[in-house]
Amino acid sequence: MGRANMIHGFSTLHPRLCFAYFAVLLLACMMYTHPVYSVLTLIGIVVLNLSLDGGRALKKGIKGYLIIAIIIFVSNPLFSSRGATILGYVFDRPITLESIAYGALFALSLLNILLAFVAYNLVITPEKLLYLLTPIAPRTAFIITVTLRFVPLLTRRLKQIMTVQRVLGYLHPRANKRHLMREGMETLHTLISWSLEEALQTASSMRARGYGIGKRTSSVSYPMDRRDILVFWIMVVTGANIVIGGLFGVNRFQVYPRLQSLEWSPQLWLHLICYLIFVFIPIVMNGKEELLWRTIKSKM
């Protein structure tokens, strides 16, 4: 059994707990501009992604995310001249320390949000999302689930159609552009026809089975066990401290008009400890599962 097939602790929690974790985490990424919090959040999210799938999903989009963050970091001091500490001039526009710091913090916050969504997609599968939304909005849940399934399904079918066309000799690499355009339209026509035909069959099957009549139920059950209850109370205590402390400005960091120095207080230390405990809940659970797996594997 490889790493990709392992059952990780956090992913097996109740879907509502997983969703609540990412909701608070994303809220914190948007609310907090304190540099220490942002850096620790980045470290926690990266480690979380590594513990979930070894960083495979992270590697697919990390280059694009870093490019976006760098663009924001570079462009902010060029377009914003706010701040009292002028470091120099570019095209007669003042470059301030505060605008550079704000660009760095904003880029870091956006990077944290993007990476958090990578981990979210690994934990909250379409099946879990359907389970969460079904009691509230069953039709919306169904549409979201079908939409999330549609893009990879069309991509897979397009590859199958193009493979058949290459085998039959219709898509020759040396063919002229007019021929390739005609075959491309035929490929698109086949793909749409195939998808619409299957959609009609699926709709007929769902109607025959009584979909939409009566209360919507889920085919998968997620009972709450003792581990879920324990994690729930840890998340409630630390999450409430995170949200309340943020609303009262315990970790407020002022950039404009003058960049403030890092100041520490007992309230800030308590808030930071609660925040770290909350952020590292899934990492600790996955690490425990990884250690248990290695122990069992070594005894085989």
Side-chain angles (χ1 to χ4, degrees), residues 1-30 32 37-73 106-133 141 143-160 220 222 228 231 235 275-276 278-294 297:
M1 182 181 294
R3 182 185 178 88
N5 297 324
M6 290 176 55
I7 299 176
H8 295 283
F10 183 70
S11 299
T12 57
L13 282 177
H14 195 280
R16 291 193 181 95
L17 294 179
C18 297
F19 185 83
Y21 172 83
F22 283 106
V24 176
L25 180 63
L26 291 170
L27 182 64
C29 291
M30 292 183 286
Y32 300 160
Y37 280 74
S38 298
V39 172
L40 292 176
T41 302
L42 178 62
I43 296 173
I45 295 176
V46 170
V47 176
L48 173 59
N49 277 278
L50 294 176
S51 67
L52 288 172
D53 68 338
R56 285 185 293 273
L58 187 63
K59 293 177 183 178
K60 294 180 180 179
I62 188 62
K63 292 182 179 179
Y65 300 154
L66 289 176
I67 291 174
I68 294 174
I70 292 173
I71 291 174
I72 293 175
F73 171 67
F106 183 73
L108 191 56
S109 297
L110 181 60
L111 184 62
N112 287 337
I113 292 173
L114 294 174
L115 298 184
F117 271 111
V118 175
Y120 171 87
N121 290 328
L122 293 174
V123 176
I124 306 295
T125 60
E127 184 181 74
K128 293 181 180 180
L129 184 62
L130 183 63
Y131 172 83
L132 292 171
L133 294 180
I143 292 174
I144 293 175
T145 305
V146 171
T147 303
L148 292 174
R149 172 182 174 269
F150 208 58
V151 175
L153 178 63
L154 289 181
T155 303
R156 186 167 58 252
R157 286 178 178 173
L158 181 61
K159 291 180 180 179
Q160 294 175 359
V220 182
Y222 295 96
D228 294 325
V231 175
M235 290 176 59
Y275 183 71
L276 289 178
F278 184 88
V279 171
F280 281 84
I281 286 175
I283 299 172
V284 172
M285 294 184 66
N286 291 343
K288 179 183 177 182
E289 199 77 12
E290 177 79 13
L291 182 61
L292 179 61
W293 164 249
R294 291 182 181 275
K297 189 177 180 180

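This one's a predicted model, so the numbers in the text were calculated from it and none came from an experiment. Computed from heavy atoms alone, side chains included, the values below leave out hydrogens, waters and symmetry copies.
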Exercise. Would you name the heavy atoms of L48 and P282 that are closest together and state the gap between them?
Key: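 That would be CD1-CB, 3.6 Å.
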
Self-check item: For the student: nearest non-hydrogen atoms of A116 and F22, plus distance
Solution: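 Taking every non-hydrogen atom into account, O-CE2, 3.8 Å.
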
Exercise. Start with the C-alpha gap between I281 and M285, add the side-chain angles, then the distance that decides, and say whether side chain to side chain contact (heavy atoms under 4.5 Å, CB included) holds.
Key: CA-CA 6 Å; I281 286 175; M285 294 184 66; 4.1 Å; yes

Quiz item: Does the ring center of Y21 lie less than 6.0 Å from the ring center of F278?
Solution: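 Aromatic pair counts; centres sit under 6.0 Å.
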
Quiz item: Can any side-chain N or O of N112 pair as donor or acceptor with the backbone N or O of I45 at less than 3.5 Å?
Solution: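 Between the backbone of I45 and the side chain of N112 there is no qualifying donor-acceptor contact (under 3.5 Å).
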
Practice problem: Using atom types as modelled and distance alone, determine if a side-chain donor or acceptor of N49 lies under 3.5 Å from a backbone N or O of A57. | Solution: no

Quiz item: With a cut-off of 6.0 Å (strictly less than), are more than 12 heavy atoms of other residues, nucleotides or ligands near OH of Y120?
Solution: yes

Quiz item: Is atom CZ of F117 surrounded by more than 12 heavy atoms (other residues, nucleotides or ligands) closer than 6.0 Å?
Solution: no

Quiz item: If you round to the nearest 0.5 Å, how far is OG1 of T12 from CD of E289?
Solution: 6.5 Å

Quiz prompt | M30 side, atom CE; L26 side, atom CG - distance, nearest 0.5 Å | solution = 6.0 Å

Self-check item: Side chains of C18 and F10 in contact at under 4.5 Å (non-hydrogen atoms)
Solution: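 Yes; the side chains approach each other to less than 4.5 Å.
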
Self-check item: Side chain to side chain, L110 and I72, heavy atoms closer than 4.5 Å
Solution: yes

